[in-house]
Amino acid sequence: MTANTNDLMNRINRSYSKLSKGQKMLANYISDNYDKAVFLTASKLGSIVGVSESTVVRFSMVLGYKGYPEFQKALEEMVRNKLNSIQRMEVTSERINQSGVLETVLKSDEELIKKTRENVDDKIFEHAVDMILNARKIYVIGIHSCAPLAQFLYFYLNLIFSDVVLVHTNNTSEVFEQMLRIDENDVIIGISFPRYSMMTVKALEFANRRRAGIITLTDSIYSPVNLYSSCNLIANSGMASIVDSLVAPLSLINALILALCMNKKDDVAESMKLLENIWDEYNVFEKDDIEPVSDKVILPIGGKEE
């Protein structure tokens, strides 16, 4: 585990000698069953261990957390990259009622964007913009749930720059084949959120060996993709069942695209003018001058118009 995911266990180890008998029982259970404890409310955790709910809350505070919710977030972070899809579904069913799904998810996404804005480093963001502007060739890679983010970023980068590659990932060999000529004049943008893709890590390792500039978009400074990155963009993501919330990363990508557009106004305008002409010539989009729909109601034979 990384230093980040070890933080909870480090707190438990440092505080163990000072814990009460009940709190030590909790510490032992969590150490051995953290993958199960992440699913539990304070009441259920206390019931399983054989202590009161208030003991669980006090245990959280002894470890330095404000309360059980903050402790549970630390526990979730600890096991997050190790949970399979079935376990993620169990987390959701424990925490969210069917009737509260919409409100819970939207509020959670709002909080993720807020936290991202509070934590993102403006200087690092500007550095990422400069790296992309000065690159000869731009590579973008994102796998599994991150693939749509990579595709979205690639679509707009391709409107701004003349040489952009979206790295496809059907197999490991294909990744390296597409990156065969990457070098110090190029930059690669790696997007990875839990569960982290080792193929993305390997791609960035290869790019690092070729001395390419590396930008990562991930959820933590301890993310494995940051091992080879010189520019780390951090966006908060959340675990919501089988679906990871990638709203904040997408918002950060939007900001990145806009910043690049503002630096390449003339090129973007020229590209969009060319595209508009092509779209018009080949009728890519529907026109606004479609014949209006008649108000007359057509009824089946034998029916009466009202």
Side-chain angles (χ1 to χ4, degrees), residues 1-101 103-105 107-109 111-112 114-115 118-119 145 192-196 198 218-224 226 234 236-245 248:
M1 293 182 184
T2 64
N4 190 42
T5 56
N6 265 331
D7 181 60
L8 174 56
M9 295 310 301
N10 287 338
R11 293 191 187 202
I12 290 176
N13 291 336
R14 288 196 302 267
S15 304
Y16 192 83
S17 61
K18 299 181 293 183
L19 299 178
S20 67
K21 180 180 178 181
Q23 291 170 350
K24 286 181 179 179
M25 291 168 61
L26 285 166
N28 294 335
Y29 179 83
I30 291 169
S31 298
D32 296 335
N33 303 279
Y34 57 85
D35 56 334
K36 298 176 183 176
V38 70
F39 304 140
L40 306 174
T41 63
S43 176
K44 288 186 178 180
L45 177 58
S47 177
I48 290 173
V49 175
V51 298
S52 66
E53 181 177 355
S54 60
T55 299
V56 176
V57 175
R58 285 195 297 270
F59 171 70
S60 303
M61 299 179 73
V62 167
L63 296 181
Y65 299 104
K66 294 179 181 178
Y68 188 75
E70 186 175 291
F71 165 79
Q72 195 172 40
K73 285 184 179 180
L75 186 59
E76 180 180 297
E77 187 67 24
M78 177 179 169
V79 301
R80 188 176 174 201
N81 196 40
K82 296 182 177 294
L83 295 179
N84 60 37
S85 299
I86 296 174
Q87 290 171 319
R88 288 173 177 229
M89 290 291 291
E90 292 177 6
V91 170
T92 302
S93 62
E94 288 287 345
R95 298 184 188 179
I96 307 175
N97 295 323
Q98 182 69 33
S99 60
V101 170
E103 182 179 3
T104 299
V105 171
K107 282 187 175 180
S108 176
D109 284 346
E111 185 65 23
L112 290 171
K114 181 180 177 182
K115 288 182 179 178
E118 292 172 352
N119 297 329
S145 63
S192 187
F193 290 83
R195 301 159 70 182
Y196 304 112
M198 288 310 298
T218 188
D219 68 319
S220 168
I221 59 173
Y222 301 105
S223 169
N226 288 340
I234 306 299
N236 293 72
S237 66
M239 183 177 66
S241 182
I242 194 173
V243 180
D244 283 317
S245 175

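Just so you know, these numbers come straight off a predicted model, no measurement behind them.
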Requested in this report: Under the side-chain contact (heavy atoms from CB on, under 4.5 Å) rule, collect the residues that match up with S43, sequence neighbours excluded.
Outcome: T41, E53
**Report entry** From I12 atom CD1 to M9 atom CE, the distance as rounded to the nearest 0.5 Å
**Finding:** 4.5 Å
Query raised in the report: Which heavy atom of A42 sits nearest a heavy atom of V56, and at what distance?
Result: O-CG2, 3.6 Å
Query raised in the report: Can you find a pair of side-chain heavy atoms, one from K21 and one from K24, that are under 4.5 Å apart?
Result: no
Query raised in the report: Does S223 use its side chain to pair, donor to acceptor, with the backbone of D219 at less than 3.5 Å?
Result: no
Query - Considering all heavy atoms, the nearest Y68-L40 contact - result: OH-O, 2.8 Å
Query raised in the report: Taking all atoms of both residues into account, what is the closest heavy-atom pair of A27 and L19, and its distance?
Result: CB-CD1, 4.0 Å
Requested in this report: Measure the spacing between CE of M61 and CD of Q23 and express it to the nearest 0.5 Å.
Outcome: 11.5 Å
Query raised in the report: For K73, what residues pass the salt bridge (charged side-chain N to carboxylate O under 4.0 Å, His left out) criterion, not counting sequence neighbours?
Result: none
Report summary line: Looking only at heavy atoms, the pair that brings A248 and N236 closest together is CB-O, 3.2 Å
Report summary line: Smallest heavy-atom separation, P194 atom then S237 atom, equals CD-OG, 4.3 Å
Query raised in the report: For F59, which of V51, V49, L45, I30 qualifies under side-chain contact (heavy atoms from CB on, under 4.5 Å)?
Result: I30
**Report entry** Side-chain (S192) to main-chain (T218) donor-acceptor, under 3.5 angstrom
**Finding:** no
Report task. List the steps, then state whether side-chain contact (heavy atoms from CB on, under 4.5 Å) holds for K114 with E111. Result -> CA-CA 5 Å; K114 181 180 177 182; E111 185 65 23; 4.2 Å; yes
Query raised in the report: Of the non-hydrogen atoms in G22 and T55, which two are nearest, and what is the gap between them?
Result: C-CG2, 4.4 Å
Report task. Taking the side chain as every heavy atom from C-beta outward, state whether L8 and F71 have any pair of such atoms under 4.5 Å apart. Result -> yes
